[in-house]
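Every value quoted in this text rests on a predicted model; they were computed, and no experiment measured them. We count ligands from 1, going down the list as the structure has it; atoms in each ligand are counted the same way. What you see below is based on every heavy atom in this structure, not just the backbone, and it leaves out hydrogens, waters and symmetry mates.
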Amino acid sequence: MRANETIAAISTPFGAGAIGIVRMTGPRALDICHRLFRPAGGGDLADAPSHTLHYGHIVDPATGESVDEVLVAVMRAPATYTREDIAEINCHGGPVAQRKILSLLLDEGAVLASPGEFTRRAFVNGRIDLVQAESVAQVVSARTEAGLRVAMAQLEGSLSREIAAVRRSLLGVLASLEAGIDFADEDIDDVDRDDAGKRLQEQAGRLRELIDSAFVGRVLSEGVRTAIVGKPNVGKSSLLNALLMRERAIVTEMPGTTRDTIEEIINIEGVPLRLIDTAGLRNSEDAAERAGIDRSRRAIREADLVLCLFDGSEREDDHDRALINTVPAERTIFVVNKSDLFRGRRPSFNLGLLPAEPVLVSALTRQGLSELKGLIAGRVLGGEIPAPASPVVTHERHKRLLEEALAAVERTLQGLRVGLGDEILAEEVRAAIVSLGEITGEEVVEDLLDTIFRQFCIGK
Ligand code: GDP
């Protein structure tokens, strides 16, 4: 770490925009800015009160030339993003102006920030814990509104508080076990052991709940991975478009034309679906089409939910039968399309072949679509979306560490049952505490921080 350095970066996305922000944090942030900034109304940036905005120009000291017309935000430690002094230069959004300003800051002694370094400082300086720091990246990259809500709740500390509470309780158990070790000569108090067992059971329950929330967490932040499969021309693109309610995939009369996997997120009664429209599942001589078919097999494997589509206006064939045998029934909703062509009559397709009751729809007339949506929402999450404030695990890293902590707690409980000594039990409880501390950042090594913050963009 280079805590004494002042770091700078362009914080707005690359490319031309109306406004660009060049951000600087560290002990010399205001001083460096002061050297380059000529305020329109005179005065001195070095004397400016915290959280004020100043209009003026950035001037190249080498030439005396004005580089850009800017607004400078002055924020003094400790009530800032990083808990250090921060200067934010709001300039025109062209890449040249932003880069020129950044290079002037570097000339004056700032160093280029690495990815996530602003947020890393917020963590290192104790403003936020590691879970909150990680949620910053998640807020920025949220792909669904539900995912954004979960990330915001995490940023505000909902998951951190729950983990800290479990950790505190385990520290209490550890303290009583260690007291037992210190006074090993005296009789072991069975009441204490019962009490420790009760508390460990309780914490194991809380850990299990958090681990269980991970599926919901992934679904909310990334969407339910949904594959629409069926042989060519059954209406996969049409159904996708009907669900998206706009023309996204290209619909054609030619069999086998939806070759590319198209990904879109749609909101079905609060459940975000990440749709993967795939090429038809059938044996094909055509190499490009075969690649598409390989992809749809893969999509079925990776999907949380499969929408398996048939053309109800035609008799089933070998392709349909092969597909029925390929899809995993427990994750599949069977959809029979083109109901407008057999309205009031029995479909030509033999519904008896399907392992579950299908939904009859028409992608063309939208008949049956709301029933299909209801079924999708019901199938995923049992239709329940967790309350926004309840802690939800969204990171694989957190889930893995929670599982490690739970395993250690369970080993302690087992040890209690068979009457293992306090010392061994204390060791297990300590392991659980360390795992939880790694989640929130009480126990971390630099390597881990490097890995986490590398995933951020520069300037965050
Ligand atoms: P895909 O190859 O499975 O993606 O099928 P498409 O969505 O490209 O549809 C193939 C053909 O079936 C197109 O001509 C669509 O207009 C037609 N089609 C799709 N859904 C329906 C429907 O519900 N009713 C009728 N009558 N035609 C449909």
Side-chain angles (χ1 to χ4, degrees), residues 225-266 268 273-303 305-327 331-351 353-354 357-376:
R225 288 186 298 243
T226 307
I228 302 182
V229 297
K231 69 182 181 194
N233 257 6
V234 295
K236 295 181 298 296
S237 315
S238 307
L239 180 68
L240 174 62
N241 286 336
L243 289 171
L244 287 170
M245 283 195 294
R246 61 196 155 92
E247 294 290 306
R248 177 62 183 78
I250 304 154
V251 184
T252 62
E253 305 267 351
M254 280 256 299
T257 45
T258 314
R259 280 180 186 162
D260 289 318
T261 309
I262 299 163
E263 279 204 31
E264 284 276 358
I265 289 193
I266 57 167
I268 295 212
L273 293 196
R274 204 166 85 217
L275 280 179
I276 313 166
D277 183 19
T278 53
L281 265 183
R282 60 163 201 183
N283 298 318
S284 171
E285 302 299 316
D286 180 294
E289 206 176 277
R290 248 198 334 266
I293 290 166
D294 284 346
R295 269 208 307 276
S296 61
R297 290 227 166 83
R298 189 169 358 119
I300 288 176
R301 260 200 316 277
E302 289 170 2
L305 180 71
V306 179
L307 300 181
C308 184
L309 204 57
F310 303 97
D311 181 345
S313 70
E314 289 191 354
R315 302 225 11 198
E316 66 281 356
D317 62 15
D318 289 346
H319 300 308
D320 295 315
R321 283 194 205 92
L323 183 58
I324 292 169
N325 291 325
T326 306
V327 294
R331 287 186 280 133
T332 299
I333 295 178
F334 294 94
V335 184
V336 174
N337 190 32
K338 309 198 185 180
S339 64
D340 56 294
L341 296 179
F342 53 86
R343 218 176 355 209
R345 288 177 289 119
R346 268 160 46 112
S348 309
F349 186 91
N350 177 6
L351 302 183
L353 287 175
L354 302 175
E357 183 83 21
V359 199
L360 305 188
V361 303
S362 166
L364 202 66
T365 65
R366 308 186 59 81
Q367 196 185 333
L369 272 195
S370 58
E371 192 195 341
L372 174 60
K373 287 183 178 182
L375 204 66
I376 291 170

Original post:
To the nearest 0.5 Å, what is the distance between CD (Glu371) and CG (Leu375)?
Top reply: 7.0 Å

Subject >> Nearest non-hydrogen partners of Asp317 and Lys231, listed with the distance >> reply: OD2-NZ, 2.9 Å

Original post:
Where the closest heavy atom to atom 17 (C) of ligand 1 is concerned, which of Arg366, Lys236, Lys338, Lys231 has it?
Top reply: Lys338

Original post:
Are Asp340 and Arg343 close enough, and set up right, to give a salt bridge (Lys or Arg N to Asp or Glu O under 4.0 Å), and what steps lead you there?
Top reply: CA-CA 5 Å; Asp340 56 294; Arg343 218 176 355 209; over 6 Å; no

Original post:
Which one holds for Asn337 and ligand 1: side chain close, backbone close, both close, or neither close, with close meaning a heavy atom under 4.0 Å?
Top reply: side chain

Original post:
At a 4.0 Å threshold, what atoms of ligand 1 neighbour a non-hydrogen atom of Ser238?
Top reply: 6 (P), 7 (O), 9 (O), 15 (C), 19 (C), 20 (N)

**OP:** State whether the shortest distance between N or O atoms of Pro232 and N or O atoms of ligand 1 falls below 3.5 angstrom.
**Re:** no

Original post:
Who gets closest to atom 11 (C) of ligand 1 by heavy atom: Leu239, Leu240, Asn233, Asn241?
Top reply: Asn233

Subject >> Ile376 vs Leu307, side chain to side chain contact (heavy atoms under 4.5 Å, CB included): CA-CA, chis, key distance, verdict >> reply: CA-CA 9 Å; Ile376 291 170; Leu307 300 181; 4.3 Å; yes

Original post:
Which bit of Leu341 is near ligand 1, meaning a heavy atom under 4.0 Å away: side chain, backbone, both or neither?
Top reply: side chain

**OP:** Check each of Val361, Asp311, Thr365, Asp340 against atom 24 (N) of ligand 1 and report the one with the nearest heavy atom.
**Re:** Asp340

Subject >> For Leu364, the ligand 1 atoms whose distance to one of its heavy atoms is below 4.0 Å >> reply: 22 (C), 23 (O), 24 (N), 25 (C), 26 (N)

Original post:
Is the closest N or O pair between Ser339 and ligand 1 shorter than 3.5 Å?
Top reply: no

Original post:
Does an N or O from Ala363, backbone or side chain, lie closer than 3.5 Å to an N or O of ligand 1?
Top reply: yes

